[in-house]
Amino acid sequence: MRHKTKQVKMSIELIIRDKVVEAVEKLYGQTVDSSLVQLQNTRKEFEGDLTVVVFPFLRMSKKSPEQTASDLGKFLQDHVAEISRFNVVKGFLNLVISSSYWLNVLNDAVRQETYGYKQVTPESKLVMVEYSSPNTNKPLHLGHIRNNLLGFSLCEILKANGYKVVKTNIVNDRGIHICKSMVAWLKWGNGQTPESSGIKGDHLVGDYYVKFDQEYRKEIAELVEKGLPKEEAEQQAPSMQAAREMLRKWEAKDPETIELWRTMNQWVYDGFDVTYRELGVDFDKIYYESETYLYGKEEVLRGLREGIFYQKDDGSVWADLTGEGLDHKILLRSDGTSVYMTQDIGTAKERFNDYKIDKMIYVVGNEQNYHFQVLSILLDKLGFEFGKGLHHFSYGMVELPNGKMKSREGTVVDADDLMAEMVEVARKTSEELGKLEGYTEEQARETYKMIALGALKYFILKVDPKKNMLFNPEESIDFNGNTGSFIQYTHARIKSVLRKAADKGISVDYNLDQGIAVEGKEQELIKKISLFPDVVSEAGEMYSPAVIANYVYDLVKEFNQFYHDFSILGEEDPGKRNLRLILAETVGKVIKLGMKLLGVDVPERM
RNA sequence: GCCUCGGUAGCUCAGUUGGAUAGAGCAACUGCCUUCUAAGCAGUAGGCCAUGGGUUCGAAUCCCGUCCGGGGUACCA
């Protein structure tokens, strides 16, 4: 799935490919493979729809590029009904496709409810996608937002490509990090709860995590003052001792510790639920590290028994990966506790037990590339045939104008705050423009939220997932230009036109008159529409929401030019008006279907 | 040090089987609302595609070197 496969092109392209092969045989007596036929969309400045690059055939024709292109052009025009004209510029053969062909494309598109999507069938392959994967010691921030949006969108894209998808989340609910929050809460919390304080649970627990760190630093400073080396001070600080002790008690299943752990984790889950709901993401199955790490431990010990792994004198367990060109990797600490990798081995095993997974995808930041490379190898060594097939969907980090986000330095952009702020800006903008008059308060609020989240999601998803991206809070809240709002706005405009048409009693006739003249701009739009199914499958092959985002932007830009230059309802000729209505409706549909793949809703009005 | 990803307009980003004169948005400047929503449309300006070689009819794209930046690199997750 990951490797580049040839896109399934629309039929006309296949026909042209075949005919070029045939032409080369007939004209020059040479057999060529159709992969030699380079077909591309004709550049705007030339007349034509599709262009054949003829350079590869010069060796066969033994003629000039122009002559060769001209030979092929004549042959194609005579043998392909859809080609109405052609012209030659240097080695480029530009083909003009007849307007009736484009009208047929539009006809197909307007009639299909989920144009461009593939159906999921009982035979479809099952893909499990892990995303989000938060720690339970602090609220979600901008980095998580990119993760969640990419994960959710990827799932939508896979579904649209005919895959069954299980969305999963592994919650890192155990370990020293949550113990730090617990220690701090016990020391300084005075029994504070989300209810008593009015603070959202994940934020409350996060506040105690920060509190812990502050006190811990103070303690280190004091100890260093007394002459201890820094490393030793870090180990001996009372807070850290307390956190370690808490972890030991947790692993020993001390009832009080477990009870506190459950309580505080539940506060966090309640908080996360709110954030996930606001963000519009969800999961089919949630795994908890506190459960899976034990399975991982079992597997590692089995590996040790079977001689796949080895043990050092201090009791720690290791994997030797030098045969794979990597280093040695620790799997169990000398005190027998498990590490991140142990947990992931256990989780993977559980998942493949629970589901008949054909493909497993981990949506995790690129700082963990090495981790997943190792995980894949270890599972393979342990005899799991799925090991080699794991896919790490590795995405870049989100940077802020003043550098990286550091929770300890207070430079994180909190997910809840960010969404609330964007909704507020959307409300102000919308009220200034006065576009929602007549809407109830409820409807208006929904629209503000839709606009705010659309802007945020599009801003993040339009960039290539692999790359690091910069998030400038001021720019990101812009609603003009290449933004989600621009796309939503165009959808609202289209809906407005369609409403007005209905008001005027103009009904759309879906039997397009084949003889109708199609304007250049209209044909450009149909061409853009015709690309959508290819774009969906490309996004699925490349695991890239950005492909969808950039396509929808192009389409919308094209539509707005058309909208500006041509009147739809003001058109006198009923046939032309009908064509334009169908065009508008289809563009609206593609916008909606495309944005759905990004997890973005589009409004009827804005 | 080693591994890995990246470097395209002042800023944020497109540009994927190598193809024609490298594209958008933001910011700046200029026009367009008695006409279907101006969150729009049109225009001006802005580029040695980090850099040096190579491959070929043709390179932002492929290969090698160099510089700069991100991330990882044996008991954090």
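Below, read A as the first sequence line, B as the second, and so on, with proteins coming before strands; counting in each chain starts at 1.
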Please check the phosphate of B:rA14 (OP1 and OP2 only) for any side-chain N or O of A:K467 closer than 4.0 Å.
yes
Does the structure place the NZ or CZ of A:R146 under 6.0 Å from the centre of the six-membered ring of A:Y395, at an angle of no more than 45° from the ring's axis?
no
Is a salt bridge present between A:K528 and A:E558, judged by a nitrogen-to-oxygen distance below 4.0 Å?
yes
How far does the P atom of B:rA14 sit from the matching atom of B:rU66, given to the nearest Å?
28 Å
Is_stacked (A:F55, B:rG19) at 5.5 Å, 30 deg:
yes
Identify the pairs formed between an N or O of the protein and an N or O of nucleotides 37-44 of chain B at a distance under 3.5 Å, and give each distance.
unit_1, atom_1, unit_2, atom_2, d
B:rU37, OP1, A:S496, OG, 2.8
B:rU37, OP2, A:K500, NZ, 2.7
B:rU37, O2', A:Y489, OH, 2.3
B:rU37, O2', A:R493, NE, 3.0
B:rU37, O2, A:K435, NZ, 2.9
B:rU37, N3, A:M606, O, 2.9
B:rU37, O4, A:M606, N, 3.3
B:rA38, OP2, A:R493, NH2, 2.5
B:rA39, OP1, A:K435, NZ, 2.3
B:rA39, OP1, A:Y489, OH, 3.4
B:rA39, O4', A:N480, OD1, 3.3
B:rA39, O3', A:N480, OD1, 3.2
B:rA39, N6, A:S430, OG, 3.2
B:rG40, OP1, A:G481, N, 3.1
B:rG40, OP2, A:N480, OD1, 3.3
B:rG40, O2', A:R493, NH1, 3.1
B:rG40, O2', A:R493, NH2, 3.4
B:rC41, O2', A:H564, ND1, 3.0
B:rA42, OP1, A:Q561, NE2, 3.1

Atom P, compared across B:rG15 and B:rC76: separation rounded to whole Å
39 Å
Please give, in whole Å, the distance from B:rC36 C1' to A:L498 CG?
10 Å
Using only modelled atom types and a 3.5 angstrom limit, is any donor from either the side chain of A:S316 or the base of B:rA74 paired with an acceptor on the other?
no
For A:K527, is there an ion pair with A:E524 - N to carboxylate O distance below 4.0 angstrom?
yes
Decide, yes or no, whether a salt bridge links A:R427 with A:E424 under the criterion of side-chain N to carboxylate O below 4.0 Å.
yes
Should A:W318 be counted as stacked on B:rA74, where stacking needs a ring-centre gap under 5.5 Å and an angle between planes under 30 degrees?
no
Please classify the nucleic acid contact of A:L470 as base, sugar-phosphate, or nothing, using heavy-atom distances under 4.0 Å.
sugar-phosphate
Rounded to whole angstrom, note down the P distance from B:rA45 over to B:rU4.
44 Å
Tell me which nucleotide among B:rG70, B:rG6, B:rA77 gets nearest to the side chain of A:M397.
B:rG70
Write down the distance separating the P atoms in B:rC11 and B:rG72, rounded off to the nearest Å.
26 Å
Interatomic distance, CD@A:Q373 vs NE2@A:H371, rounded to 0.5 Å, equals 11.5 Å
Give one of base, sugar-phosphate or nothing for A:V89, where a contact means two heavy atoms less than 4.0 Å apart.
base
Expressed as a whole number of Å, how far does the C1' atom of B:rA39 sit from that of B:rG25?
14 Å
Separation of the P atoms in B:rA50 and B:rA59, to the nearest angstrom:
15 Å
May I ask you to verify if any side-chain N or O of A:K44 is less than 4.0 angstrom from the OP1 or OP2 atom of B:rU21?
no
Using the side-chain hydrogen bond (donor to acceptor under 3.5 Å, both in side chains) rule, pick out the option among A:D173, A:N265, A:N172 that qualifies with A:T136.
A:N265
Heavy atoms under 4.0 Å, any strand shown: does A:E289 hit a base, just sugar-phosphate, or nothing?
sugar-phosphate
P atoms of B:rA22 and B:rG46, separation to the nearest Å
14 Å
Would you say whether A:F92 stacks on B:rG19? The test is a distance between ring centres of less than 5.5 Å and an angle between planes of less than 30°.
no
Lys/Arg cation over aromatic A:F566: A:R580, 6.0 Å, 45° cone
no
Apply the test ring-ring contact (aromatic ring centres under 6.0 Å, His included) to residues A:Y310 and A:H328: give CA-CA distance (whole Å), side-chain angles for both, the deciding distance (0.1 Å), then the verdict.
CA-CA 10 Å; A:Y310 70 96; A:H328 294 255; 5.8 Å; yes
Think A:K312 forms a cation-pi with A:W318, using NZ or CZ under 6.0 Å from the six-ring centre and within 45 degrees of its axis?
yes
Which part of the nucleic acid, if any, lies within reach of A:D314 when heavy atoms closer than 4.0 Å are counted: base, sugar-phosphate only, or nothing?
base
Of the options A:V398, A:I145, A:L142, which is the one that meets A:V413 in a side-chain contact (heavy atoms from CB on, under 4.5 Å)?
A:L142
Nearest whole Å is fine: how far is B:rA74 P from A:Y340 OH?
16 Å
Once you apply a heavy-atom cut-off of 4.0 Å, does A:Q368 come out as touching a base, just sugar-phosphate, or nothing?
base
Is the glycosidic angle of B:rC26 within 90° of 0, making it syn, or outside that range, making it anti?
anti
Nearest to side-chain heavy atoms of A:R43, which nucleotide of B:rG6, B:rG23, B:rC36
B:rG23
Intra- and inter-strand pairs of RNA chain B in dot-bracket (Watson-Crick or G-U wobble, both distances under 3.5 Å; | for another strand):
(((((((..((((.....[...)))).(((((.......))))).....(((((..]....))))))))))))....
For the C1' atoms, the ones on B:rG40 and on B:rC33, what distance do you get once it is rounded to whole angstrom?
10 Å
Verdict with supporting geometry, A:E47 and A:N94, side-chain hydrogen bond (donor to acceptor under 3.5 Å, both in side chains):
CA-CA 7 Å; A:E47 190 204 19; A:N94 301 320; over 6 Å; no
In whole angstrom, give the distance that lies between atom NZ of A:K504 and atom P of B:rU35.
13 Å
Counting the atoms with a prime plus P, OP1 and OP2 as sugar-phosphate, which does A:N94 contact under 4.0 Å by heavy atoms, base, sugar-phosphate, or nothing?
base
Please tell me if A:R333 has a side-chain N or O lying less than 4.0 Å from either OP1 or OP2 of B:rA77.
yes
